[in-house]
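Just below is one structure, and these are the notes that go with it.
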Amino acid sequence: MRFMHRLHQLIYIIHRQKLCGWTLHIPCLGLPHLTSAQLNNTPRAQLDTLFFNRVPKAGSEKLMELLNLLAKRNNFQARRDPKLIYETILMDRGFASRWLQAELLNCSGANSYSKHVAFVNFAQHGQPWPIYINLVRDPVERLISWFYYTRAPWYLAKRVKTFGQSFRLPTEQWLRKDFNHCILEHDPECVYTQQQRDHLDDHRRQTLFFCGQQHALCMPFNSQRAMQLAKRHVEQHYAVVGTWEDTNTTLSVLEAYIPRYFAGALSSYLQSSMEQLNRNALRPSISAEAIALLRRNLTHEIEFYRFVRQQDDDDDDNFNTAADLLNNTKNAEVDFVFFNRVPKVGSQSLMELMRRLGKINGFTHARNPGKAKETILMGKEVQKELMADLLTRPKPHIYSQHVAYINFTRFHLPRPIYINLVRDPIERIISWHYYVRARWYYNDMKAKLGDQAAPMPSDEFLDLDLDTCVKNKDPHCVFEQMQVKNPVGDHRRQTLFFCGMNKKICMPFNSPVAMQKAKRTVEADYAVVGTWEDTNITLTVLEHYIPKYFRNAKIAYYLGEERLSRVNRNNVTRIVSDETRQLLRKNLTNEIEFYEFCKQRLYLQYSALSQGPRFGDDDYLLMPEERGGDRKLDEEY
């Protein structure tokens, strides 16, 4: 599992390892995923080359100058591409292969290489991976900086000196442009049309430098798909992506994660005079109206930047900005919690916990009465009926139901506080297989639903083990990719509960589109998506992000742990072979990616809390946890 290489998460782990064991307010509770070794992509490099595919106007000149200083200190060669009038950001496959051989891979010793170029997948060219690094900057600030940088007299003089008559000076009219007027008067230079594929020359796409060389996918401006691929490349291939907006943090992470090249980076930087390098002092002020317009047109560029940076420093009033940025609770417009619970993730345990917390914290918990077959997908009118019922109930309250995500704002209704749980998709498949083959399950349903309950299946069905089911390609164990219908009536689609009610988009099994929509929904709308696989972390995040409802959640859980940890547990689950698990894993790639995404977000929420002064004083309670029918639907959104 690859965790997000976000700058503050990296520095948090570095400091946490130094403090763990003696600092009372930083609990050292079983965070096996949050280690510097697992967050560090540097050891995965196959080549002793540091590749800085530098983003324009993010401070790359300063970092190159720092590399020149460190090269002498740390015994490596600092290199850069030849200076040309026009940068080659995107390359076709043949050009890229020739460039790699001629420029980047032609040095035998330890070296760094810097160039303005979009991410290159070295494996696709049959070449070993270098150590990837980069810098990012607030997208709005980058655009403003570029606009005035290209109009600065010293910049133009430098270009003339370097390239002579090959460089054509711009017109006086162009040089006199004001950015505020350019934006507000819709000058073609300052119109940011969504999904457009031109304007490569003005560097409006920061994500392009992480998305890569796929022109059709990475060039559309402010593209969600480009942003998601850029995120994935950062997670999988970049050792560090820093920012000069957090100079000390960036240099500390570089020193810790790439010491071969960056040992002594912070002291070298502080002793140098490179702070003003390539800085344009002629930039006028920008109106709030122009900035607001830019932000509306750079939504995915800003999301990617925040993904990399993740947080700002806590301010002087002890407000934890990191936690606040990750907290969607404040966006709720009505005082109730909607738990659209995923099956086989431990939702019964959470419902029992919420019932107990209701007595402590003064709210009510209700759930749908349940029936033989759950209605996961609903048409518009049924959704409206459910929402009308929930919004008219006495507040505050929590409501739980097995149902796909419902977008209240689509119906011009106030948004609730969304929560949910996830579980490893492989374990969910295994759990569901044996859950519906437990005789007690049918006896329990008969007691609850009477004649409406499903009859006891045949012994052949009940005794079918998962290994045999998968090996013999039984219809219950064939995971056909992009399958829309659900003939066996199982719950193989965890993403469906976050993707939503659009059957066309959300029902295809293991769909990358459904996965991306589910990710976006979690980021935009869910206060917390937890997992019982990390009980302590989940309860801590719930306590701090939704305190009105989950205050004292850890106390309530551990006082009733014997009962809560066993609610609805099936003790007849059998051992599943590694061969079956591997086959399942191959068929659940996007389901697994979504699950890992949710856990990454949970860890980030937790680590943000752990850095701030608001972290609770009851951390002695943190204990090591044990691992242990088709209907016509609306498709208007």
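A donor and an acceptor atom, one from each side chain of Tyr405 and Asp525, are located under 3.5 Å apart. At a cut-off of 3.5 Å, with distance as the only test, a side-chain donor of Thr299 or Asn222 sits close to an acceptor on the other residue. Using a 3.5 Å distance cut-off with no hydrogens or angles, the side chains of Arg79 and Asn106 do pair a donor with an acceptor. No side-chain donor from either of Tyr192 and Glu301 sits under 3.5 Å from a side-chain acceptor of the other.
Salt-bridge annotation for Lys115 and Glu103: absent, with no side-chain N of the basic residue lying under 4.0 Å from a carboxylate O of the acidic one. A salt bridge is absent between Lys177 and Glu185; no separation between the charged side-chain nitrogens and carboxylate oxygens falls under 4.0 Å. Classification of Lys158 and Glu61 as a salt-bridged pair fails, no side-chain N sitting under 4.0 Å from a carboxylate O. Between Lys519 and Glu523 no salt bridge is recorded (no basic side-chain N to carboxylate O distance below 4.0 Å).
Within 6.0 Å of CZ on Arg54 lie more than 12 heavy atoms contributed by other residues, nucleotides or ligands.
Taking the centre and axis of the six-membered ring of Phe147, the NZ or CZ atom of Arg151 falls inside the cone set by 45° and 6.0 Å.
With respect to Tyr132, the ring-ring contact (aromatic ring centres under 6.0 Å, His included) criterion is satisfied by exactly one of Phe209, Tyr257, Phe119: Phe119.
Between Phe498 and Phe594, the angle of the ring planes lies from 30° to 60°, which puts this pair in the tilted group.
A heavy-atom distance below 4.5 Å is not found between the side chains of Val55 and Leu135.
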